[in-house]
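Because only heavy atoms are used, hydrogens play no part in the values below, and waters and symmetry mates are left out as well, while side chains stay in. Chain identifiers are assigned alphabetically (A, B, ...) following the order of the sequence lines, protein sequences preceding nucleic acid strands; residue numbering begins at 1 within each chain.
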Protein chains: 2
Amino acid sequence: MAEQTFTISELAREFDVTTRTIRFYEDQSLLEPAREGQRRIYSRRDRVRLMLILRGKRIGLSLLEIRELFDLYDAASNDEPQLREFIRILSRKEQQLQEQLDDIRVVLGEIGQIRSQCEKALGKQAV
Amino acid sequence: MAEQTFTISELAREFDVTTRTIRFYEDQSLLEPAREGQRRIYSRRDRVRLMLILRGKRIGLSLLEIRELFDLYDAASNDEPQLREFIRILSRKEQQLQEQLDDIRVVLGEIGQIRSQCEKALGKQAV
DNA sequence: ATTGACGTTGACGTAAACGTCAAGTTATTG
DNA sequence: CAATAACTTGACGTTTACGTCAACGTCAAT
């Protein structure tokens, strides 16, 4: 059974981004879809990459950082300094994420408090 | 004992931002320090606001969103529609934060896996 | 053959969040 | 009192991540 492929607008719909966005990611070397004539053809692997890009963005990575991670990941299996560099970057990002997570917990806690105060001020109807 | 105050560069040092940044926040109506002649004088309350701004940013709020929250918070004690709007915004943001938190957990998990693979590939030295 | 949907490549525009001068004011310190 | 440091207000520049045309290609259906 042949590999499943996708068009640019299929991916755009599925992930709720514009086609412009997807082409822009290609410009930034984050995607490299095959071509059939002029048309771009996206493989499962391309689709996964797009998912990773979008998740990377959601956690606050820049497109450049995402690209660096891709590059490292692609090249990392070879020599040892590469691997060590990869680990270093991941550790740093892990720590940042952990701090961000703590921040979010704090804010969520405060939001909860403020909200219950508001609800009390409005009487006991559920909101 | 008189209220403690701060200069712009004291705050800049303390929070590791530039004075330009602090003035920019004032431009955006996020801060309203008192003046002594021309010079800006920051109160404890201003300092707290700055802390809130920076924490808001760390969790991915735009300056505009931060300002809206400030405005609502300042005005919220009065009428009921204000309060309801406040609650609505907080709920929406709470949900976004929760999703972001889930994303971060996923990525942290994957980072852990990738890293332990890397470490295995490098032999059993601690990294 | 034309219409419509979908695709393509430029090129320029935009919003957010500051950075970076320039040119002047005020305070203090040797 | 002159230098230096710290402050001020513009005004313009910069980066990121796209949006928005314009102008054109391609293919299927009418």
In residues 18-27 of chain B, which ones come under 4.0 Å of DNA chain D, going by heavy atoms?
Arg20(B), Arg23(B)
Cationic N near anionic O, under 4.0 Å, Asp102(A) to Arg105(A)
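Yes, Asp102(A) and Arg105(A) are salt-bridged.
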I'd like to know if the side chain of Thr7(B) and the backbone of Glu10(B) have a donor-acceptor N/O pair within less than 3.5 Å.
yes
Taking [atom1] from [X] and [atom2] from [N], how many angstroms apart are they, rounded to a whole number?
X	N	atom1	atom2	result
Glu36(B)	dT25(C)	CD	C1'	15 Å
Arg67(A)	dT16(D)	CZ	P	13 Å
Ile41(B)	dT26(C)	CD1	P	15 Å
Ile8(B)	dT8(D)	CD1	C1'	9 Å
Glu65(A)	dT15(D)	CD	P	17 Å
Arg13(A)	dC6(C)	CZ	P	7 Å
Glu10(A)	dG7(C)	CD	P	8 Å

Could you tell me whether the phosphate oxygens of [N], OP1 or OP2, come under 4.0 Å of any side-chain nitrogen or oxygen in [X]?
X	N	answer
Arg35(B)	dT9(D)	yes
Lys57(A)	dT16(D)	no
Arg40(B)	dC7(D)	no
Thr7(B)	dA6(D)	no

Considering the options Leu69(B), Ile53(B), Leu52(B), which one meets the side-chain contact (heavy atoms from CB on, under 4.5 Å) requirement together with Leu61(B)?
Leu69(B)
CG (Asp16(B)) with more than 12 external heavy atoms under 6.0 Å
no
For residues Val106(A) and Phe15(B): do they belong to one hydrophobic cluster (side chain heavy atoms under 4.5 Å, members Ile, Leu, Val, Met, Phe, Trp, Tyr)?
no
N/O-N/O pairs, protein side and nucleotides 22-28 of chain D side, under 3.5 Å:
| unit_1 | atom_1 | unit_2 | atom_2 | d |
| --- | --- | --- | --- | --- |
| dG25(D) | N2 | Arg39(A) | NH2 | 3.2 |

